[in-house]
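Remarks on the structure that follows.
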There are 2 protein chains.
Amino acid sequence: MKVKISDIAKAADISTASVSRVLNHQGGYSQATAERITKIADEMGYFKNRSASDLASRSNNTIGIIYTDFETNFNDLIIRNTMLEAKQHHLDVILMIAQQNDPAGLTKIIRDMIERRVFALQFISTHPSPQMIEMLNRANVFPQVIGDATNHTVSSVSSDDYEIGYQATSYLINHGHQRIGFVSPSVTRDYVTRLRFSGYQRALDDHHLHFKADWLVEENYSYQAGLKAANHYQQTDIDAVIGVSDEVSWGLLNGFYDAGCKVPDQVALISVDGTQLCEQTRPQLSSVTQDFASMGKTAVRQLIDNRATPHQVTTLTVPFKIDARQTT
Amino acid sequence: MKVKISDIAKAADISTASVSRVLNHQGGYSQATAERITKIADEMGYFKNRSASDLASRSNNTIGIIYTDFETNFNDLIIRNTMLEAKQHHLDVILMIAQQNDPAGLTKIIRDMIERRVFALQFISTHPSPQMIEMLNRANVFPQVIGDATNHTVSSVSSDDYEIGYQATSYLINHGHQRIGFVSPSVTRDYVTRLRFSGYQRALDDHHLHFKADWLVEENYSYQAGLKAANHYQQTDIDAVIGVSDEVSWGLLNGFYDAGCKVPDQVALISVDGTQLCEQTRPQLSSVTQDFASMGKTAVRQLIDNRATPHQVTTLTVPFKIDARQTT
DNA sequence: GTGAAAGCGCTAACAT
DNA sequence: ATGTTAGCGCTTTCAC
């Protein structure tokens, strides 16, 4: 039913080997036959069977991307740039989405990727547990985490999160703020947050400011978290806040608005991520802006470089900047 | 190097056939061997080679999803629900992203999907051109468009876009508005827009309102489009606007805000889509709310039902509702 | 309940 | 420049 290489071979009265050669642009045939074969293949509506091809050639030039439908909104940015870079290097990409907080589901997806024999696996706004890493190692596929560092032994490309915390805080302090809130996931459980919070604390220390417990709101990266935190801050004497994602900061902004608290006059607000969203709020959110585009591209190059030296753990860091807009 | 079924067979001193059977839960073996095989496979770190498996079984239970990184933000919603439903039916899903306005790229991706022998292909916020449809037909894969109807001969599941236009407009009229703007992509080139605009015109007619050319702004579905349109409307006597996506409406909202024009006091605003975004603006956007979750699920069921009767073109419609929030 | 063997559609030596 | 052939790793009759 489906036309295969042997059908073309028959129709062209030539061997399957030759057909394969021209269809894959491998050279070693005359211009004439090349054209003839191509034409016939076209007419017959031939489509390579990837399974057969991959199997026979033991090849493997597709990279897998796993991401979660997270509260954050920078996935697209990373994915798009990853794909762009992949295209440059003639790699195929397949995506799969994992649900949040569903280890079993994630495991299944990783399994699926392994079975499809991707040569590398990128994780965006999620990361594999130690067991999953173990599984990937056994399967000999190279995992890499983007934009979400872990203390696990996986390669990663991300921003310097400690420095993000430090810079954001310093920025606020240098603009005259003294009582600085921090809204984030759990400082103890979330690794990225731990780093950022360390930077935050260090900046406070360096400026002889004394941290107070009610400055910290531990929730997650969501808009809701921001809303809730803004509410909480009504009972405090905070004069500035760091929201650890654009969504959180948006929530903060609206929360303050709803409470009749003026931003930036009564509270300054700085976001972390710096996606488009920041320019779409009123007032526009100042932010620590991560370079997600660069992360995506760097990650792919990294994958390619390390193809030879499998499972060497590398940690790459991409520069960020601070964009002052209207909330500071 | 990579452990294969024959390795397990050897280790268990049994035939590859039996190994295959237990690994695929096909029955026809004793409980004892099942456990033994499973254990050994586990210990040896076996992962099925999908290429080989698919090839041998000529099977095919993965569905492909193609979407664009569009200005709209409902992709996630559809995708998530598509995957949920797919999981229920034990189907695998692979995603790929197409760039906007890149037919060559789309074609390549479709090709890729065909080569991977997906049994069906869903398009989200993009759709195949007639040539692409032709290609898909030849390849015998069933295409389906979600949330973006076309006049092409493809199956689709979407809202009743004419009715969306009609209802949105009527709603505004019933609330006392008479001069109603409409911000959308090209009314002539974008099929969905054509339908909605027809509904809009009809509602106007039905209420004996006379359409004026400067009520219509033809751009696209983006935030920027809304911003621009808001600007344009400063020169008009509009008293309400329909933004044809949440992004557009958000742009309108901010554009009016920037111009010092009060929403909803001076202009009312109703959005189309009704994603979370609507509750995250201030004021919150009233909207015609599409049921994207249902679309995703319906689509998958449709795909499964039609697996037997390939390439029968079906057009499914999913109910929408109107959510009055703060901009009307 | 289990095994032998013939492919699935393609690629990659190795010949010619 | 082209053909022959032996697999790639798995599934699936068909025997037993």
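Side-chain proximity of B:Asn49 to C:dC10, D:dC10, D:dT2: nearest is D:dC10. Distances were taken from every side-chain heavy atom of A:Leu55 (C-beta onward) to each of D:dC10, C:dC10, D:dG9; the shortest belongs to D:dG9. The side chain of A:Tyr46 lies closest to C:dC10 when the candidates are C:dC10, C:dT2, D:dT12. Nearest to the side-chain atoms of A:Ala17 among the listed nucleotides C:dT11, D:dG3, D:dG9 stands D:dG3.
Taking the nucleotide of DNA chain C with the nearest heavy atom to each of A:Arg21 and B:Ala52, the more 5' of the two is matched to B:Ala52. Position along DNA chain D of the nearest nucleotide to B:Leu23 versus A:Asp13 favours A:Asp13 as the more 5'-ward residue. Each of B:Asp54 and A:Ser15 has a nearest nucleotide on DNA chain D; the 5'-most of these lies closest to A:Ser15.
Distances shown here put a side-chain N or O of B:Thr33 below 4.0 Å from the OP1 or OP2 atom of C:dT2. Taking only side-chain nitrogens and oxygens, A:Ser20 comes nearer than 4.0 Å to OP1 or OP2 of C:dT11. Distances shorter than 4.0 Å separate none of the side-chain N or O atoms of A:Gln31 from OP1 or OP2 on D:dA1. For the pair A:Ser18 and D:dG3, the criterion of a side-chain N or O lying under 4.0 Å from OP1 or OP2 is met. Remark: A:Asn24 is in phosphate contact with C:dT11, judged by side-chain N or O atoms under 4.0 Å from OP1 or OP2. Contact check, B:Ser30 against C:dT2: a side-chain N or O comes under 4.0 Å of OP1 or OP2. A:Ser53 has no side-chain polar atom (N or O) that falls below the 4.0 Å cut-off from OP1 or OP2 of C:dC10. Within the 4.0 Å cut-off from OP1 or OP2 of C:dC8, not a single side-chain nitrogen or oxygen of A:Lys2 is found.
Regarding B:His25, its NE2 atom lies at a distance of 11 Å from the P atom of D:dT11, rounded to whole Å. Between the NZ atom of A:Lys10 and the P atom of D:dT4 there is a distance of 14 Å, given to the nearest Å. Rounding to whole angstrom units, CD1 of residue A:Ile14 and P of D:dT2 are separated by 5 Å. Rounding to whole angstrom units, NZ of residue B:Lys4 and C1' of D:dG7 are separated by 10 Å. Atom pair B:Ile114:CD1 and C:dG9:P shows a separation of 17 Å (rounding to whole Å applied). Rounded to a whole Å, the CG atom of B:Asp7 is 14 Å from the C1' atom of D:dC8. What separates CD of A:Gln26 from C1' of C:dC10 is a distance of 11 Å, to the nearest Å. Between the P atom of D:dC10 and the CD1 atom of B:Ile37 lies a distance of 13 Å, rounded to the nearest Å.
Heavy atoms only, all atoms of each residue included: A:Met295 and A:Ser159 are closest at CE-OG, 3.2 Å. A pairwise comparison of heavy atoms in A:Ser125 and A:Asn75 identifies OG-OD1, 2.7 Å as the closest pair.
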Hey, mind stepping through B:Asn49 and B:Lys2 against side-chain hydrogen bond (donor to acceptor under 3.5 Å, both in side chains) and telling me if it holds?
CA-CA 10 Å; B:Asn49 181 326; B:Lys2 231 150 209 165; over 6 Å; no

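At a cut-off of 3.5 angstrom, the base of C:dG7 holds no donor-acceptor pair with the side chain of B:Arg58. For C:dG9, the base has no donor-acceptor partner in the side chain of A:Arg50 [N/O atoms by modelled type, under 3.5 angstrom].
Although no hydrogens or angles enter the test, the distance criterion places a donor-acceptor pair under 3.5 Å between the side chain of A:Arg58 and the main chain of A:Ala56.
No salt bridge links B:Glu35 with B:Lys39; every basic N to acidic carboxylate O contact stays at or beyond 4.0 Å.
No hydrogens or angles considered: a donor-acceptor pair under 3.5 Å links the side chains of B:Asp273 and B:Gln290.
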